[in-house]
Amino acid sequence: MDSFLEEEDEEAPAVVGKKRRRRRSSGSQAALQPPLRLPFLPQQPVSSNEHKLNFKKSKEACLSYIQDALLQKQWKRAAEFLTCYIESLEKDYSREHIGPSEMIWRIGTEILWHHSQSSMKEFSCFMEQMKTLGVKRYLKVCLEHVFHLLCNGQIDEAYQNLSLAESWRFGEQTAIQDKEMKLIQAYRGLLDYYSWSKQKNILLENGEDGFSDLAVEQEMHGYFRKAAVNLKEIIKIPGVWDVFVKCYVDLLEFYGDHNEARQVLNEYAYNSKFPANPNAHVYLYQFLKRQGESKKSLISALKILHDIVPSHELMIDFNNMLQKSKKRKKRRLGLEVIFTALDYAGWKENAKAWSCLARQVKQIVISEKHLDWIKQEWNSRKDWWPAFHFSHYLAKRNWQEDKSLSYEKALVAGILLGKDCKYFKYVSHQGCKAQLKRFRMLKKFVNRHNLVYLRISGLPDSSVHP
């Protein structure tokens with residue numbers, strides 16, 4: 001961390017283990033950043049109990065300064081305090097063993113990740129030092145080191161570190177860190193999958209003739225075997241393993257083992273030992289769709305996804321399938337699904353969702369059947385949807401940005417709130433003014449079915465003025 005302690009215009013404390021240089025700071029700098037005044041241990045001999053008390057106060061004060069610097073994202077200042085913290089521990093090391101290695105590792109990693117002068121070389125050097133600081137978290141440090149290497153695109157270096165970590169043995173500590181070891185193996189499997197995928201792309205680009213293609217295919221199959229073994233092991237353990245499951249299923253599908261892929265996805269989605277995970281049902285749905293499964297199977301997968309995340313983007317697909325069903329119960333559920341999705345802010349300007357709702361509302365109004373479905377959905381929303389979706393401000397903005405969206409919303413607004421709704425009046429007026437035929441037809445449709453609004457709202461017919 002030495003180079004991180006050097007300011008551009010002034011000297012800073014040197015690295016641990018070297019003599020420290022005093023830094024001169026200007027008045028303005030001192031006003032912004034308080035000087036380092038930590039209660040270091042006294043030089044004169046003191047009793048053992050007094051020494052322990054002073055060291056504890058010194059450590060706590062230094063950690064407090066570090067925390068404050070981290071919270072304010074003052075990474076250079078945090079690096080200085082961490083250096084002082086380590087130095088204070090070294091001074092006291094001969095008197096009493098202190099084991100704050102995890103704290104140094106976590107704080108140091110955070111600083112190095114955000115520091116403006118950070119480099120991958122210095123980060124790797126720091127991580128290697130942390131690996132030797134304590135065997136109890138050796139594999140955790142290895143994993144974090146690998147993550148940083150991957151984030152910086154150093155795939156080969158990451159693979160080498162994973163291979164070294166997998167061969168690590170240290171008595172009973174090896175068994176204690178069994179979970180971390182499985183993660184090490186899983187990530188090595190992930191990188192084997194990455195290599196397999198690269199070889200697959202080369203093979204697909206070059207075709208299937210020639211000795212070079214045979215060599216590529218053999219190398220590719222070698223990566224497949226190594227990846228499959230490690231990925232299969234990690235997904236047996238209850239947990240959230242999205243990336244590993246996706247890669248393993250991709251391997252199985254490529255080699256035509258669809259039954260195994262189905263079994264893996266069903267286990268991941270429905271095994272009660274695994275935590276509830278929306279992505280598990282997404283992956284199962286996408287697999288079933290690729291396999292050309294029945295609508296019943298697809299609806300079943302999305303029904304559970306709807307229960308977990310009613311605002312998921314696949315609710316459009318779910319709604320479309322339900323609306324095409326001949327069963328009234330499913331069509332009723334489809335209306336509920338699209339209303340619920342539009343309760344979320346992320347869907348406010350989703351033109352597909354509004355198109356789905358407009359189409360269903362229009363069908364119900366024309367047939368004059370199942371108006372009670374609309375009424376049931378509207379009763380819980382009539383107090384807040386007008387301001388949330390149908391304000392005059394939104395009418396102006398939607399008209400300017402997306403006329404198709406404003407058309408679909410105006411149709412829904414006109415049915416739910418009547419022809420006097422601000423949103424409907426503004427959009428229909430602008431559409432007629434622009435001489436757009438569908439907006440004139442929209443206005444006629446809403447005016448002709450204005451009594452529907454009364455039935456939905458529960459208002460007496462006498463409240464309508466000609």
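Fair warning: this is a prediction, and the values are worked out from it, not measured in the lab.
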A.B. asks: Do NZ/NE/NH1/NH2 and the carboxylate oxygens of Lys362 and Glu408 come within less than 4.0 Å?
C.D. replies: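 Salt bridge: no.
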A.B. asks: Should Tyr159 and Leu149 be marked as a side-chain contact (heavy atoms from CB on, under 4.5 Å) after you check the CA-CA gap, both sets of side-chain angles, and the distance that decides it?
C.D. replies: CA-CA 9 Å; Tyr159 194 88; Leu149 288 168; over 6 Å; no
A.B. asks: Could you verify whether a donor N or O on one side chain and an acceptor N or O on the other, from Glu157 and Asn152, lie under 3.5 Å apart?
C.D. replies: no
A.B. asks: Apply side-chain contact (heavy atoms from CB on, under 4.5 Å) to residues Phe445 and Leu411 and explain how you reach the verdict.
C.D. replies: CA-CA 9 Å; Phe445 180 84; Leu411 175 58; 3.7 Å; yes
A.B. asks: Is Lys403 positioned over the aromatic face of Trp399, cation under 6.0 angstrom from the ring centre and no more than 45 degrees off axis?
C.D. replies: yes
A.B. asks: Within the distance-only criterion (no hydrogens, no angle test), does the side chain of Asn266 pair as donor or acceptor with the backbone N or O of Arg262 below 3.5 angstrom?
C.D. replies: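 Yes, the answer is positive, given that a donor and an acceptor are paired below the 3.5 Å cut-off.
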A.B. asks: Check this for me: Arg438, atom CZ, are more than 12 non-hydrogen atoms of other residues, nucleotides or ligands nearer than 6.0 Å?
C.D. replies: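 More than 12 heavy atoms, drawn from other residues, nucleotides or ligands, come within 6.0 Å of this atom.
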A.B. asks: Which atom names give the shortest non-hydrogen contact between Cys247 and Leu190, and what distance separates them?
C.D. replies: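 Closest pair (atom of Cys247, atom of Leu190, distance): SG-CD1, 3.5 Å.
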A.B. asks: For residues Ala261 and Phe287, report the shortest heavy-atom separation together with the two atoms involved.
C.D. replies: CB-CE1, 3.8 Å
A.B. asks: Would a 4.5 Å heavy-atom cut-off, applied to side chains only, mark Asn161 and Cys142 as touching?
C.D. replies: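 Side chain of Asn161 against side chain of Cys142, heavy atoms only: no contact under 4.5 Å found.
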A.B. asks: Can you check whether Leu191's main-chain N or O pairs, donor with acceptor, with Ser195's side chain at less than 3.5 Å?
C.D. replies: yes
A.B. asks: With a 6.0 Å cut-off (strictly less than), is the heavy-atom count around NZ of Lys232, excluding the residue itself, greater than 12?
C.D. replies: no
A.B. asks: I'd like to know whether the aromatic ring centres of Trp385 and Phe339 sit less than 6.0 Å apart in this structure.
C.D. replies: yes
A.B. asks: Among Thr340, Leu305, Asn350, which one satisfies side-chain contact (heavy atoms from CB on, under 4.5 Å) with Met315?
C.D. replies: Leu305
A.B. asks: Counting neighbours of NZ on Lys330 that are heavy atoms of other residues, nucleotides or ligands and sit closer than 6.0 Å, is the number greater than 12?
C.D. replies: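 More than 12 heavy atoms, drawn from other residues, nucleotides or ligands, come within 6.0 Å of this atom.
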A.B. asks: Could you tell me which non-hydrogen atom of Ala165 sits nearest to which non-hydrogen atom of Leu139, and how far apart they are?
C.D. replies: O-CD2, 3.8 Å
A.B. asks: Take atom OH of Tyr393 as the centre, draw a 6.0 Å sphere, and report whether it contains more than 12 heavy atoms from other residues, nucleotides or ligands.
C.D. replies: no
A.B. asks: Does the Trp354 side chain pair with the main chain of Lys348, one donor and one acceptor, at a distance under 3.5 Å?
C.D. replies: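 Here the side-chain-to-backbone pair exists.
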A.B. asks: Using every non-hydrogen atom in the two residues, find where Asn319 and Gly334 come nearest and quote the distance to one decimal.
C.D. replies: ND2-O, 2.7 Å
A.B. asks: Strictly distance-based, threshold 3.5 Å: is any side-chain N or O of Asn379 a donor or acceptor partner for the main-chain N or O of Lys375?
C.D. replies: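 Yes, the answer is positive, given that a donor and an acceptor are paired below the 3.5 Å cut-off.
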A.B. asks: Write down the atom of Cys421, the atom of Phe390, and the distance for their closest heavy-atom approach.
C.D. replies: SG-CB, 4.4 Å
A.B. asks: Any side-chain heavy-atom pair from Met220 and Lys198 closer than 4.5 angstrom?
C.D. replies: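 No. Closest side-chain heavy atoms not under 4.5 Å.
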A.B. asks: Backbone N or O of Lys419 within a donor-acceptor pair of the Asn450 side chain at under 3.5 Å?
C.D. replies: yes
A.B. asks: Consider ring-ring contact (aromatic ring centres under 6.0 Å, His included). Of Tyr248, Tyr223, Phe224, Phe254, which one does Trp196 pass it with?
C.D. replies: Phe254
A.B. asks: Between Tyr423 and Leu394, is the side-chain contact (heavy atoms from CB on, under 4.5 Å) condition met? List the steps.
C.D. replies: CA-CA 8 Å; Tyr423 193 100; Leu394 285 175; 4.2 Å; yes
A.B. asks: We want to know whether Gln363 and Arg331 form a side-chain donor-acceptor pair, criterion being a heavy-atom distance below 3.5 angstrom.
C.D. replies: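 No, Arg331 and Gln363 have no side-chain donor paired with an acceptor closer than 3.5 Å.
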A.B. asks: So, for Ala158 and Leu150, which heavy atoms are closest and what is the spacing to 0.1 Å?
C.D. replies: CB-CD2, 3.7 Å
A.B. asks: Can you check whether Arg332 reaches Glu377 side chain to side chain, under 4.5 Å on heavy atoms?
C.D. replies: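 Arg332 vs Glu377: side chains touch.
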A.B. asks: Can you classify the ring geometry of His392 versus Tyr426 as parallel (below 30°), tilted (30 to 60°) or perpendicular (above 60°)?
C.D. replies: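 His392 vs Tyr426 ring planes: perpendicular.
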A.B. asks: Tell me whether the count of non-hydrogen atoms from other residues, nucleotides or ligands lying under 6.0 Å of OH in Tyr194 goes above 12.
C.D. replies: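 No, because the 6.0 Å sphere around OH of Tyr194 holds 12 heavy atoms or fewer from other groups.
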A.B. asks: Checking the side chain of Lys182 only, and the main-chain atoms of Glu233 only, is there a donor and an acceptor separated by less than 3.5 Å?
C.D. replies: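 No; judged by distance alone, with no hydrogens or angles, the pair does not exist.
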A.B. asks: Check whether any side-chain N or O of Tyr268 sits under 3.5 Å from a backbone N or O of Trp241 as a donor-acceptor pair, and report yes or no.
C.D. replies: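 Between the backbone of Trp241 and the side chain of Tyr268 there is a qualifying donor-acceptor contact (under 3.5 Å).
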A.B. asks: Does Lys246 come within less than 4.0 Å of Asp242, counting only side-chain N to carboxylate O?
C.D. replies: no
A.B. asks: May I ask you to check whether over 12 heavy atoms, not counting those of Glu401, lie within 6.0 Å of atom CD?
C.D. replies: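 Yes.
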A.B. asks: Would you check if the side chain of His389 reaches a backbone N or O of Leu342 as a donor-acceptor pair within less than 3.5 Å?
C.D. replies: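 Side chain of His389 to backbone of Leu342, a donor-acceptor pair under 3.5 Å: yes, one is there.
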A.B. asks: Going through the distances and angles, do Lys443 and Phe424 end up as a side-chain contact (heavy atoms from CB on, under 4.5 Å)?
C.D. replies: CA-CA 8 Å; Lys443 189 172 184 178; Phe424 169 75; 4.3 Å; yes
